[in-house]
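Following: one structure in structure tokens, then a few remarks.
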Amino acid sequence: MTLIIATRNQHKSEEIRQMLGDAFVVKDATDYPDWPEVAETGTTFLENATLKAEAISALVEGYVLSDDSGLEVDALHGAPGVWSSSYGGKEGDHPRNNARLLEEMKQVPEELRSARFVCTMVIAQGGKSLVHFVGRVEGKILNSASGAQGFGYDPLFAPFGYGKSFAELGSAIKNSLSHRGRALAQVVDWLQTP
Ligand code: IMP
């Protein structure tokens, strides 16, 4: 089965590709250079994921999957949330995003550093959303960046029970418990249910 991912974020499509394995051919914006930029004007993960999936599925045949995701930090009242990608001031600038998060969390004690990654995935076809799924992983924000794997906030986020950041744990462990992995498992169930 072919699954078209409505994203320009290569990190997301690479993780999805790794998790789906050989059962699916995964395509993304690199296979469709003419895709328009879809403005993420929503205020929730679901609104933004729906905007992306519906816009792109109106242009291609078959199922389109979108992923809108981010980090919710309790001590920051849920920020950066849907604005995770531009938290440092510039869209997709991960070092600046991480620097701002560390700065905002500077005075926050250990017991108040809880956070979660959230991923909402929407499947759409022919310009219409069909279904959506949400995955979450709970953890805490570290006091400094640790590890070199993954992307985004991975060096600052340690899932509960592991004592290491996603960037230290590596892709196999991250994918087995991540927000994206948990949302994608539900997507696969839905796609494979006759
Ligand atoms: P989106 O493209 O609007 O969904 O933005 C997602 C942003 O959330 C990314 O740019 C990262 O800052 C953050 N993010 C989402 N998923 C992850 C992850 O798995 N690891 C680290 N950061 C993530």
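Small disclaimer: the values here were computed from a predicted structure and weren't measured. Both counts, for ligands and for their atoms, begin at 1 and track the order of listing.
Between His179 and ligand 1, an N or O atom pair is found at a separation short of 3.5 Å. Of the polar atoms of Glu15, none of the N or O atoms is found under 3.5 Å from an N or O of ligand 1, judged by distance alone.
The shortest non-hydrogen separation linking Ser146 to Ser165 is O-OG, 2.5 Å. Nearest heavy-atom pair across Glu61 and Ile4 is O-CD1, 3.4 Å. Across all non-hydrogen atoms, the minimal contact from Leu142 to Ala158 is CD2-CB, 3.8 Å.
Distance from atom 12 (O) of ligand 1 to its nearest protein heavy atom, with residue and atom name: Tyr153 CE1, 3.2 Å. The protein heavy-atom contact nearest to atom 6 (C) of ligand 1 is Ser69 O, 3.1 Å. Among protein heavy atoms, atom 16 (N) of ligand 1 sits closest to Arg180 NH2, 2.9 Å. When hydrogens are left out, the protein atom nearest atom 20 (N) of ligand 1 is Asp154 OD1, 2.7 Å; that is the closest non-hydrogen contact.
Interface of Lys12 with ligand 1, defined as ligand atoms under 4.0 Å from a residue heavy atom, comprises 1 (P), 2 (O), 4 (O). Residue Lys174 approaches ligand 1 through these ligand atoms, each under 4.0 Å from one of its heavy atoms: 18 (C), 19 (O), 20 (N). Atom numbering of ligand 1 starts at 1 in the shown order; those under 4.0 Å from a heavy atom of Asp68 are 1 (P), 3 (O), 4 (O). Within the listing of ligand 1, atoms 3 (O) sit less than 4.0 angstrom from a heavy atom of Glu40. Set against the non-hydrogen atoms of His94, the atoms of ligand 1 under 4.0 Å away are 10 (O). Within ligand 1, the atoms closer than 4.0 Å to a non-hydrogen atom of Gly152 are 21 (C), 22 (N), numbered from 1 in the order shown.
Taking the six-membered ring for Trp and thresholds of 30 and 60 degrees, His179 and Phe117 have nearly parallel ring planes, at less than 30 degrees apart.
In this structure, Ser178 has no heavy atom closer than 4.0 Å to ligand 1.
Between the side chains of Glu91 and Ser85, at least one donor N or O sits under 3.5 Å from an acceptor N or O. For the residue pair Asp67/Ser69, the side-chain donor-acceptor check at 3.5 Å is satisfied.
Under 4.0 angstrom from ligand 1, the non-hydrogen atoms of Phe151 come from both its backbone and its side chain.
More than 12 heavy-atom neighbours from other residues, nucleotides or ligands sit within 6.0 angstrom of CD on Glu111.
Between Glu72 and Arg136, none of the side-chain N atoms (NZ, or NE/NH1/NH2) sits under 4.0 Å from a carboxylate O, so this pair counts as no salt bridge.
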